[in-house]
Amino acid sequence: MEATDFQKLHEAFILKAERAIDSLLPPADTHPARLHTAMRYSMQAGGKRLRPTLCLATAEAFSNQTDARYAATAVECIHTYSLIHDDLPCMDNSDLRRGRPSCHKAFDEATALLAGDALLPLSFQLLAQGYAANAELARQLIIELSIAAGSSLLVGGQAEDMQTASTENEEHRLEYVLQGKTAAMIAAPLAMGAMIGGGSKSDIEHCRRAGRAAGIAFQLVDDLLDQSSNAEKMGKPVGADTHNGKFTFVRLRGVKATEQRIQTLTEEALKHLQACQGKMDFLCALVTNLATRDR
Ligand code: GRG
């Protein structure tokens, strides 16, 4: 796919995601207004919109008959709740997110905690209501997202990452954290998009696997950028991993091995996408671009 075509499509997906978020979130002035304002503050702070883009683009790659916007927004709700909670003083204690004060800095800790809490059920409400006309689809989407966001993946990965570093089983622990904290929430929108687009069982599984591989690659790129980029470009503090003594793949194996693994994982993701029956050009270009991103 030509770079300019990719760019145009990418921007269109981001715009579609932004519009869906705006229309599906409770209005800021609905009581309790401070809570709803905080939810919108974090949801509408920009960000790459990678997860909703993956969901919208995958659904379209198979068919555009069913509206993927509910699922795209649901995934971004979970992602944003996890960022809000991760920034809290009891977790990463980070003051900057998506280029502006993190939710608890702009509001207060209790409001940030509750804004994250409220985004979580909103996500499942969107799936249950948005796909009510196809109860089996709604059921599958809810299972996919709840597993990805649950105690064995997103929350489990975060819990493992919060444990004090030890030298025992470091590689094993690191893989668990990578799968849970990052890859799960990248695999889910791909699998969900394939479900919405009516992909076969095999398509859905290939998309899920592509997401897992691309998700780990995404995190490894993030780890490299944490060492080499700056806060202005990233919209969040950099150097935090080193500062917090976090075990990352880069710290464990070095830059060269990390770059090599990013390439291998990207090839694996592409292989899975190319094995699908849909029109996968945009998704392949997106996965390739993620490996070379600089923010
Ligand atoms: C609190 C349950 C709970 C989980 C927190 C998301 C998270 C888990 C922690 C944030 C720190 C981190 C490095 C997470 C790994 C996933 C990741 C790279 C998130 C940032 O995703 P981007 O770069 O963010 O896509 P934007 O803001 O662009 O959407």
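Counting starts at 1 for both ligands and their atoms, following the listed order.
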Do R293 and F218 meet the cation-pi criteria used here (NZ or CZ under 6.0 Å from the six-membered ring centre, within 45° of the axis)? yes

Give the atom numbers and elements of ligand 1 that come within less than 4.0 Å of a heavy atom of D86. 1 (C), 5 (C), 9 (C), 10 (C), 11 (C)

Mind checking what makes side chain to side chain donor-acceptor pair (under 3.5 Å) contact with R51, not counting sequence neighbours? H79

Do ligand 1 and R49 have nitrogen or oxygen atoms that lie under 3.5 Å from each other? no

Can you tell which part of R51 has a heavy atom less than 4.0 Å from ligand 1: side chain, backbone, both or neither? side chain

Out of curiosity, is L50 lining ligand 1, as in a heavy atom under 4.0 Å away? no

Report the part of R98 (side chain from C-beta onward, or backbone N, CA, C, O) that has a heavy atom under 4.0 Å from ligand 1; answer both or neither where that applies. side chain

Minimum heavy-atom separation for I84 to A112, with atom names? CG2-O, 3.2 Å

Tell me whether the count of non-hydrogen atoms from other residues, nucleotides or ligands lying under 6.0 Å of CZ in R49 goes above 12. yes

For H85, the atoms of ligand 1 under 4.0 Å from one of its heavy atoms are 1 (C)

Of the side chain and backbone of K181, name the one, both, or neither that has a heavy atom under 4.0 Å from an atom of ligand 1. both

Which atoms of ligand 1 sit under 4.0 Å from any heavy atom of Y81? 2 (C)

Please could you name the atoms of ligand 1 that K48 approaches to less than 4.0 Å, counting only its heavy atoms? 22 (P), 23 (O), 24 (O), 25 (O), 26 (P), 28 (O), 29 (O)

Should we count CD of E136 as having more than 12 external heavy atoms under 6.0 Å? yes

Suppose we screen for side-chain contact (heavy atoms from CB on, under 4.5 Å). Which residues come up paired with A45, at least two apart in sequence or across chains? R98, R100

Within the supplied structure, the quantity of interest is the number of heavy atoms (other residues, nucleotides, ligands) at a distance under 6.0 Å from R40 CZ; does it exceed 12? yes

